[in-house]
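Structure, as structure tokens:
Numbers here are sequence positions counted from 1. These values consider heavy atoms only, across backbone and side chains, with no hydrogens, waters or symmetry-generated copies.
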Amino acid sequence: MEQLGESLLQLITETATNLPADVRRVLKRAGHKEQPGTQSNQALHIISLNVDMAKENISPICQDTGMPTFQIHTPVGVNQIVIKKAIQEAIAEATRRGKLRPNSVDSVTGKNSGLNLGPGTPVIHFEQWEEDEIEILLILKGGGCENKNIQYSLPAELEHVGKAGRDIEGVYKCILHAIWQAQGQGCSAGFLGVCIGGDRTSGYSGAKEQLFRDAEDTNPDPTLAELESRVMSNADSLGIGTMGFGGAVTLLGCKIGALNRLPASFFVSVAYNCWAYRRLGIRMNPTTGAITRWLFRDDAPEKMAQDAGIPTTGREFSFTAPLSEADVRQLKVGDVVVLNGPMFTGRDALHKYLVSHDSPVDLNGAVLYHCGPVMLKDEDGKWHVKAAGPTTSIREEPYQADILRKFGVRAVIGKGGMGKKTLAGLQEVGAVYLNAIGGAAQFYAEKITDVTGVDFLEEFGIPEAMWHLQTKGFIAVVTMDSHGNSLHADVEEESGRKLDLLAV
Ligand code: SF4
């Protein structure tokens, strides 16, 4: 199997950088549905540009390259230990080359292992089959959407949909509820993998397995096919839209499978995958390890974006940081901000730290970016940003308002929005929350013109460190303003009302 390592490295690199053919088609169709001049339309255009840039630069589509999960079928007699070792080596090499972000963290010490290896990373499932070739499927599902997975135990009483019983109607209600609870936090519009039944463990596993299906296939089980189609026909009417901005497209795909269950249990497990649905596969010669064909990949994909410009909404404002209170107070929910100048990244570790310590830099008037970038150091020791989209902001809800007050931060950039405590903090100090387009890691990396410093690299690791960036033309939407308005709260409430009607 002399070519095994190279084949695996190609699979990992392509999965991280080249969106599958079926997903591209689904996203393209979605793009035609959003009204020109809306934030959702603008966001979908940025997503399309980003997909093209990732393919061209052979760089990660999204900076969160997720939990690498392999599903492997081997003919009887193939040595699975050899394949497992080769996968680990290929994962480490892809991380060294900046195709994967170091994403594996010791859950006890909090230390990043550095090369995406460690207990439980990567995830590898083997199964034997009666075919002659080896098949390896890989999905890279990021943390933002993984956090929106949900499991229901029926019967249940659920917000907006009411009683969900142990039947297909109950399952339908769970799925609608799952979409609603995700809002834009999993980088909508998303894809669902659903498993009816199993136990708590096999249910989640079965839900994720559904994400290995072709996004455009038809379920061979007529009851499940009908359920998939019913969900697809109704989900968009929730109006959650791209990134939860409100809009015509909320769900891009729904795949449902079923496992037998214990008489006493009835679980419905839902795996939510963001639009950056990175899943490819290869067939391999079992003797040489050479790739015989690709699965889900378009060898020469057409460009996703129709043109290189960004459609405007007519509500654009341009600022250079540091920002003043007057700059920020004029902004209203729905405005689009184009930022220039310095910006600092900060995620979970930094927020926890700042609450009880001083900041290593002056954050007065600063822009704080919830982002864990992919970074590479060149031979001269200079850091370069390889991918830098926003991370899910709600995790910082316990800290954000205190940090706004303590340091005078004027703008927080992230995705998915924040809660009431932060909204009150924004109002009190005169600051805004800006929603960048989740997953648009190449698009935003291009807006970062320089890396001027870094703090806490040793202590927190690359994704959690505080990176000092210079930006030009960094675009994001005001979704929480300094006047007490939150687009996220509005969309959640409105989509909840629509869900009430749908579930009747
Ligand atoms: S697109 Fe969003 S949810 Fe998906 S991996 Fe990237 S940041 Fe996470």
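No side-chain heavy atom of T479 sits less than 4.5 Å from a side-chain heavy atom of V491. Side-chain contact between L27 and L44 is present, with at least one heavy-atom pair separated by less than 4.5 Å. Taking 4.5 Å as the limit, every side-chain heavy atom of M243 sits out of range of all side-chain heavy atoms of V477. You'll find the side chain of N273 stays beyond 4.5 Å of the side chain of R279, heavy atoms only. Contact check for L140 versus P68: side-chain heavy atoms found under the 4.5 Å cut-off. Counting only heavy atoms from C-beta outward, the side chains of L8 and I136 approach each other to under 4.5 Å. Counting only heavy atoms from C-beta outward, the side chains of F245 and T38 never approach each other to under 4.5 Å. You'll find the side chain of L224 reaches within 4.5 Å of the side chain of I196, heavy atoms only.
When every heavy atom of P373 is checked against every heavy atom of P463, the shortest pair comes out as CD-O, 4.2 Å. G186 approaches C274 most closely through the heavy-atom pair O-CB, 3.0 Å. Of all heavy-atom pairs spanning F212 and T69, the tightest one is CZ-O, 3.9 Å. In plain terms, the two heavy atoms of G144 and T392 that are nearest each other are CA-OG1, 3.5 Å. Among all heavy-atom pairs drawn from I168 and T223, the shortest one is CG1-CG2, 4.2 Å. Taking both residues in full, the closest heavy atoms of L154 and R166 are given as O-NE, 2.9 Å, listed atom of the first, atom of the second, then distance.
Taking CD of E226 as the start and CG of D221 as the end, the distance is 10.5 Å to the nearest 0.5 Å. Here the straight-line distance linking atom SG of C62 with atom CZ of R278 works out to 5.0 Å at 0.5 Å rounding. Interatomic distance, I12 CD1 to T17 OG1, rounded to the nearest 0.5 Å: 11.5 Å. With values rounded to the nearest 0.5 angstrom, I462 atom CD1 is found 11.0 Å from N103 atom CG. The structure places CE of M53 at 14.0 Å from CD1 of I58, a figure rounded to the nearest 0.5 Å. In this structure, the separation between CG on L350 and CD on E459 is 11.0 Å, given to the nearest 0.5 Å.
No donor-acceptor distance shorter than 3.5 angstrom exists from the side chain of W180 to the backbone of I240, with no hydrogens or angles considered. With hydrogens and angles ignored, the 3.5 Å screen pairs no side-chain donor or acceptor of N116 with any backbone N or O of A92. A donor-acceptor pair is defined here as one N or O able to donate and one able to accept, closer than 3.5 Å; such a pair exists between the side chain of Q151 and the backbone of R200. At distances below 3.5 Å, at least one donor-acceptor pair connects side-chain atoms of N50 with backbone N or O atoms of A441. With D22 contributing its side chain and A215 its backbone, the two residues share a donor-acceptor pair below 3.5 Å. Side-chain atoms of E34 do not come within 3.5 Å of backbone N or O of G247 as any donor-acceptor pair. Using modelled atom types, one side-chain atom of S7 and one backbone atom of G289 make a donor-acceptor pair closer than 3.5 Å. Within the 3.5 Å criterion, the main-chain N or O of I437 finds a donor-acceptor partner in the side chain of Y444. Remark: side-chain polar atoms of Q181 are paired, donor with acceptor, to backbone N or O of A178 under 3.5 angstrom. Side-chain N or O atoms of E146 include none that pairs as donor or acceptor with a backbone N or O of K141 at under 3.5 Å.
Annotation for E157: atom CD counts as buried by contact number, over 12 foreign heavy atoms lying within 6.0 Å. The environment of CD in E56 is sparse: at most 12 heavy-atom neighbours from other residues, nucleotides or ligands sit within 6.0 Å. More than 12 heavy atoms of other residues, nucleotides or ligands sit less than 6.0 Å from atom CG of L501. Within a 6.0 Å radius of CG in D132, other residues, nucleotides and ligands contribute 12 heavy atoms or fewer. More than 12 heavy atoms of other shown residues, nucleotides or ligands fall within 6.0 angstrom of atom CD in E2. Annotation: K447, atom NZ; neighbour count of heavy atoms from other residues, nucleotides and ligands within 6.0 Å is above 12. In D378, the CG atom is crowded: over 12 heavy atoms of neighbouring residues, nucleotides or ligands sit closer than 6.0 Å. Annotation: K28, atom NZ; neighbour count of heavy atoms from other residues, nucleotides and ligands within 6.0 Å is above 12.
Cation-pi contact between R261 and F267: absent, since separation from the ring centre below 6.0 Å together with deviation from the ring axis within 45° is not met. A cation-pi arrangement is absent between K208 and Y204, since the terminal nitrogen or guanidinium carbon is not both under 6.0 Å from the aromatic centre and inside a 45° cone about the axis.
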task = Might you work through the side chain to side chain donor-acceptor pair (under 3.5 Å) test for K415 and S393, ending with a clear yes or no?
result = CA-CA 6 Å; K415 61 133 172 136; S393 299; over 6 Å; no
query = What do the steps show when you test Y277 against L252 for side chain to side chain contact (heavy atoms under 4.5 Å, CB included), and what is the final call?
reply = CA-CA 10 Å; Y277 181 10; L252 297 170; over 6 Å; no
key: Working for salt bridge (Lys or Arg N to Asp or Glu O under 4.0 Å), residues E169 and R230   = CA-CA 11 Å; E169 194 57 27; R230 190 174 167 208; 3.0 Å; yes
query = So Y272 and I150, side chain to side chain contact (heavy atoms under 4.5 Å, CB included) or not? Walk me through it.
reply = CA-CA 8 Å; Y272 187 98; I150 189 164; over 6 Å; no
task = Before giving the answer on side chain to side chain contact (heavy atoms under 4.5 Å, CB included), spell out for M418 and E396 the whole-Å C-alpha distance, their side-chain angles and the decisive distance to 0.1 Å.
result = CA-CA 8 Å; M418 303 193 73; E396 317 317 336; 3.9 Å; yes
inquiry  = If you apply the rule side chain to side chain contact (heavy atoms under 4.5 Å, CB included), what do you find for E464 with D348, and how did you get there?
reply    = CA-CA 7 Å; E464 299 279 341; D348 311 53; 3.9 Å; yes
key: Step-by-step salt bridge (Lys or Arg N to Asp or Glu O under 4.0 Å) determination, K85 to E89   = CA-CA 6 Å; K85 279 191 182 144; E89 278 163 28; over 6 Å; no
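Shown are R283, M1, Q80; of these, the side chain to side chain contact (heavy atoms under 4.5 Å, CB included) with I134 is made only by M1.
Using a 30° and 60° split on the angle between ring planes, H73 and W129 fall in the parallel class, below 30°.
A donor and an acceptor atom, one from each side chain of D199 and S202, are located under 3.5 Å apart.
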